[in-house]
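In what follows, chains are A, B, ... by sequence order, proteins preceding strands, each numbered from 1. Heavy-atom basis, side chains included; hydrogens, waters and symmetry copies ignored.
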Amino acid sequence: MIKLEQGFYNRADVLKIARELLGKVLITKFDGIVTSGRIVEVEAYAGVKDKASHAYGGRHTNRTSVMYYPGGTAYVYLCYGIHHLFNIVTNTKDIPHAILVRAVEPMEGIPAMLERTGKKKPDYTLTKGPGNVSKALGIGTKHTGGSLLQDEIIIASDGFVPKKEDIVATPRIGVDYAGEDALLPYRFIIKGNKYVSGK
DNA sequence: CGACCGATCGTCT
DNA sequence: GACGATCGGTCGA
């Protein structure tokens, strides 16, 4: 298991990074409890010129300021008052690119995930959808602005790389408000994986 | 199945 | 004061 370093996140091509994140392992360690899952679905948000991005047009508020941090920072925010959505900030300081992790396949610490989510059995709903990922892995808004290069939240590679033909690009979910940008193929999934959200 | 709807609150206007 | 980068339950066919 090799932790991804600054150089992975700092690059300029957010679409390339998003694609490369598929198959990587997202690991959290809170209070000695380790939970992890393989990333199977992500969405890229390409900064100031992407109408679907919180940083569109250079919007810079308290909440979104984290997006302007250097690559390798966690951006977590509350959606619909209930769900914590976990994003990975990419590119260099002041360029607000981000990648939303929408689904993982559970690996380590499944009992802890069941406890956090209140589920009885580890079925495919455990870490399907961005709200569930954060819930199962114990990620909340207090982690926004935190570094992915430390110990609490990291992303690592165990050598697994999805086959090229298994990676599919589609439009993003729930961004109809973004006009024509809602059609951009910025969502990447591992084809056939049962943890991928949607139908 | 699909459509609809309620939950619930920080953030922005 | 309105509204989400959502989820899961319910209802009807």
Query - Heavy atoms of other groups near A/Y124 OH, more than 12 under 6.0 Å - result: no

Query raised in the report: Given C/dC7, B/dA7, B/dG10, which nucleotide is nearest the side-chain atoms of A/P130?
Result: C/dC7

Query raised in the report: Distance under 6.0 Å and angle within 45° of the ring axis: does A/R38 meet both against A/Y195?
Result: no

Query raised in the report: Between atom CG in A/D176 and atom C1' in C/dC3, what is the gap in whole Å?
Result: 15 Å

Query raised in the report: Got a donor-acceptor contact below 3.5 angstrom from the A/R116 side chain to the A/A136 backbone?
Result: yes

Query - Nucleotide nearest A/K119 (side chain, heavy atoms from C-beta), chosen from C/dG8, C/dG4, C/dA5 - result: C/dG8

Query - Base C/dA5 paired with A/H83 side chain (donor-acceptor, <3.5 Å) - result: no

Query raised in the report: NE2 of A/H84 versus C1' of C/dC7: gap in Å, rounded?
Result: 13 Å

**Report entry** Separation of C/dG4 P from A/R172 CZ (nearest whole Å)
**Finding:** 16 Å

Requested in this report: For C/dG8 and B/dG10, measure between their C1' atoms and round to the nearest Å.
Outcome: 22 Å

Query raised in the report: Does the pair A/K191/A/E165 count as a salt bridge with the N-to-O cut at 4.0 Å?
Result: no

Report summary line: Ranking A/K135 and A/V175 by the position along DNA chain C of their nearest nucleotide, the one closer to 5' is A/V175

Query raised in the report: Given Watson-Crick or G-U pairs with both distances under 3.5 Å, what dot-bracket string fits DNA chain B, with | for other-strand pairs and [ ] for crossing?
Result: |||||||.||||.

Query raised in the report: Of all the choices, B/dC9, B/dA7, C/dA5, which nucleotide is nearest to the side chain of A/L78 once you look at every atom?
Result: B/dC9

Report task. Using atom types as modelled and distance alone, determine if a side-chain donor or acceptor of A/Y186 lies under 3.5 Å from a backbone N or O of A/L15. Result -> no

Report task. Would you mind classifying the nucleic acid contact of A/K51 as base, sugar-phosphate or nothing, using non-hydrogen atoms under 4.0 angstrom? Result -> nothing

Requested in this report: Starting from C1' on B/dG10, measure out to CG on A/N62 and report it in whole angstrom.
Outcome: 11 Å

Query raised in the report: Can you check the A/L100 CG to C/dG4 P distance for me, whole Å?
Result: 17 Å

**Report entry** First encountered from the 5' end of DNA chain C, between A/G131 and A/G81
**Finding:** A/G81

Query - Sugar-phosphate only, base, or nothing, as touched by A/N87 at under 4.0 Å among non-hydrogen atoms - result: base

Query raised in the report: Considering only side-chain heavy atoms of A/Y177, which listed nucleotide, C/dA5, B/dT13, C/dG4, is closest?
Result: C/dA5

Query - Of A/V42, A/I39, A/V40, the residue whose pairing with A/F188 passes side chain to side chain contact (heavy atoms under 4.5 Å, CB included) - result: A/V42

Query raised in the report: Is any side-chain N or O of A/N132 closer than 4.0 Å to OP1 or OP2 of C/dG8?
Result: yes

Report summary line: To the nearest angstrom, the OH-C1' distance between A/Y80 and C/dA2 comes to 13 Å

Query raised in the report: Contact class for A/R63 (heavy atom, under 4.0 Å): base, sugar-phosphate, or nothing?
Result: sugar-phosphate

Query raised in the report: Counting distance only, does the side-chain N/O of A/K128 pair as donor-acceptor with the main-chain N or O of A/V196 below 3.5 Å?
Result: yes

Query raised in the report: Does the distance from a Lys or Arg side-chain N to an Asp or Glu carboxylate O, for A/K24 and A/E20, drop under 4.0 Å?
Result: no

Report task. Look at all strands and tell whether A/L85 reaches a base, only sugar-phosphate, or nothing, counting heavy atoms closer than 4.0 Å. Result -> sugar-phosphate

**Report entry** Whether A/Y77 stacks on the six-membered ring of B/dG10 base, 5.5 Å and 30° limits
**Finding:** no

Query raised in the report: A/H54 has an atom NE2; how far is it from atom P of C/dT6, in whole Å?
Result: 9 Å

